Asker: 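I have a structure I would like to understand better, so I am pasting it below and will then ask my questions one at a time.
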Amino acid sequence: MTSRDVILGRLRAALGPPPSSPPEVARDYRPAGGAVHIDVLVHRLTDYRATVHRCSDGGVAQVVDAILGGRRVVIPAGLPRHWLPDTVEALTDDALPTDEIAAAHGVVTAAAVAVAETGTVILDAAADQGRRIITLLPDVHICVLRVDQVVAGVPDALARLDPRRPLTWISGPSATSDIELNRVEGVHGPRNLHVVIIPGGAHHSAPAPG
């Protein structure tokens, strides 16, 4: 008998016989299906220093004009064009080079789902949301969200999402802090996040090309 056998034998004796069945796991946590409160989402987003706009589908272009009018913006290929005013120079992302994306003043996308409880907007790279990189490099991100895309909690969001898709979870503008806890914005993404909430059913996300 080796020293290893002696040690393992002592461990088995100390632990006792294995249980005949696995222990019962508590399943009393909150399930999906909670009530959705848009005002909760708005409160969370503003608490994270995002700016929230509420308008009709036809009013999105006016909001974009007020924020990025006269500037260059990156857009995914499937973004509804009526969301863009004539005052912006729109660059459609058809594999735009990184430096061109970074030089743009902002990006306009749709969203896949939003979680009211956590104030999180989730993108899944559908055609109206585009590649993750276009939402990370420009300084301003305008994200258009339908009311019917808002869910109560994370379990509700996961039920709507495809885990095989590239998911980007956004809770406010990009922010971090240094060792002295001084807040620094824009290190890992846009410094300015604008969420435009419109009535549900006006537009439906298209699948990603390919």
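Throughout, residue positions are numbered sequentially from 1 according to the sequence presented. Computed from a prediction, not measured in an experiment: that's the story for all the values here. Computed over heavy atoms, backbone and side chain alike; hydrogens, waters and symmetry mates excluded.
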Asker: How many angstroms lie between atom CZ of Arg165 and atom CG of Leu123, to the nearest 0.5 angstrom?
Answerer: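 Taking CZ in Arg165 and CG in Leu123, the distance rounds to 10.5 Å.
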Asker: CG/Leu161 to CD1/Ile122 distance, rounded to the nearest 0.5 angstrom?
Answerer: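 Answer rounded to 0.5 Å: 5.0 Å.
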Asker: Of all residues at least two apart in sequence or in a different chain, which pass the side chain to side chain donor-acceptor pair (under 3.5 Å) check with Ser171?
Answerer: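 Ser171: side chain to side chain donor-acceptor pair (under 3.5 Å) contacts with Thr120.
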Asker: Can you find a heavy atom in the side chain of Thr51 that is under 4.5 Å from one in the side chain of Leu193?
Answerer: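 When only atoms from C-beta onward are counted, Leu193 and Thr51 do not touch, as no gap falls below 4.5 Å.
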Asker: Scan for salt bridge (charged side-chain N to carboxylate O under 4.0 Å, His left out) pairs involving residues 35-45, sequence neighbours excluded, and state none if there are none.
Answerer: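 Sorted pair list: Asp39-Arg54.
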Asker: Kindly check if the number of other-residue, nucleotide or ligand heavy atoms within 6.0 Å of CD (Gln62) is above 12?
Answerer: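 No, because the 6.0 Å sphere around CD of Gln62 holds 12 heavy atoms or fewer from other groups.
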Asker: Among Val63, Ile142, Ile198, which residue satisfies the side chain to side chain contact (heavy atoms under 4.5 Å, CB included) criterion with Trp83?
Answerer: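 Single side chain to side chain contact (heavy atoms under 4.5 Å, CB included) partner of Trp83 among Val63, Ile142, Ile198: Ile198.
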Asker: Going by side chain to side chain donor-acceptor pair (under 3.5 Å), name the residues that satisfy it together with Arg132, two or more places apart in sequence or in a different chain.
Answerer: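 For Arg132 the side chain to side chain donor-acceptor pair (under 3.5 Å) partners, ignoring immediate neighbours, are Thr168.
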Asker: By salt bridge (Lys or Arg N to Asp or Glu O under 4.0 Å), which residues pair with Asp162, not counting sequence neighbours?
Answerer: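 Salt bridge (Lys or Arg N to Asp or Glu O under 4.0 Å) check on Asp162 returns Arg164.
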Asker: Run the salt bridge (Lys or Arg N to Asp or Glu O under 4.0 Å) test against Asp99 and tell me which residues pass, sequence neighbours left out.
Answerer: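 Per chain and number, Asp99 pairs via salt bridge (Lys or Arg N to Asp or Glu O under 4.0 Å) with no residue.
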Asker: Is there side-chain contact between Ile197 and Val42, with at least one heavy-atom pair below 4.5 Å?
Answerer: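 Yes. Closest side-chain heavy atoms under 4.5 Å.
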Asker: Checking His37 now: which residues fulfil side chain to side chain contact (heavy atoms under 4.5 Å, CB included) with it, not counting sequence neighbours?
Answerer: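 Partners of His37 by the side chain to side chain contact (heavy atoms under 4.5 Å, CB included) criterion, ordered by chain and then number, come out as Ala35, Val40.
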Asker: List the residues meeting salt bridge (Lys or Arg N to Asp or Glu O under 4.0 Å) with Arg72, not counting sequence neighbours, and say none if there are none.
Answerer: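 In terms of salt bridge (Lys or Arg N to Asp or Glu O under 4.0 Å), with neighbours along the sequence ignored, Arg72 is linked to Glu89.
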Asker: Go through the structure and list residues passing salt bridge (Lys or Arg N to Asp or Glu O under 4.0 Å) with Arg131, not counting sequence neighbours.
Answerer: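 Asp93.
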Asker: Sequence neighbours left out, what passes side chain to side chain donor-acceptor pair (under 3.5 Å) with Thr2? Give chain and number order.
Answerer: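 Asp5.
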Asker: Just jot down the side chain to side chain contact (heavy atoms under 4.5 Å, CB included) partners of Asp65, sequence neighbours excluded, or say none.
Answerer: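 With sequence neighbours excluded, Asp65 shows a side chain to side chain contact (heavy atoms under 4.5 Å, CB included) to Pro85, Thr87, given in chain and number order.
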Asker: Looking at Thr135, Thr109, Thr92, which one forms a side chain to side chain contact (heavy atoms under 4.5 Å, CB included) with Pro76?
Answerer: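 With Pro76 as partner, side chain to side chain contact (heavy atoms under 4.5 Å, CB included) holds for just one option, Thr109.
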Asker: Could you pull out all residues at least two apart from His141 that satisfy ring-ring contact (aromatic ring centres under 6.0 Å, His included)?
Answerer: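 Not a single residue meets the ring-ring contact (aromatic ring centres under 6.0 Å, His included) criterion with His141.
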Asker: Who pairs with Thr46 by side chain to side chain donor-acceptor pair (under 3.5 Å), at least two apart in sequence or on another chain?
Answerer: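 So Thr46 forms no side chain to side chain donor-acceptor pair (under 3.5 Å) with any residue.
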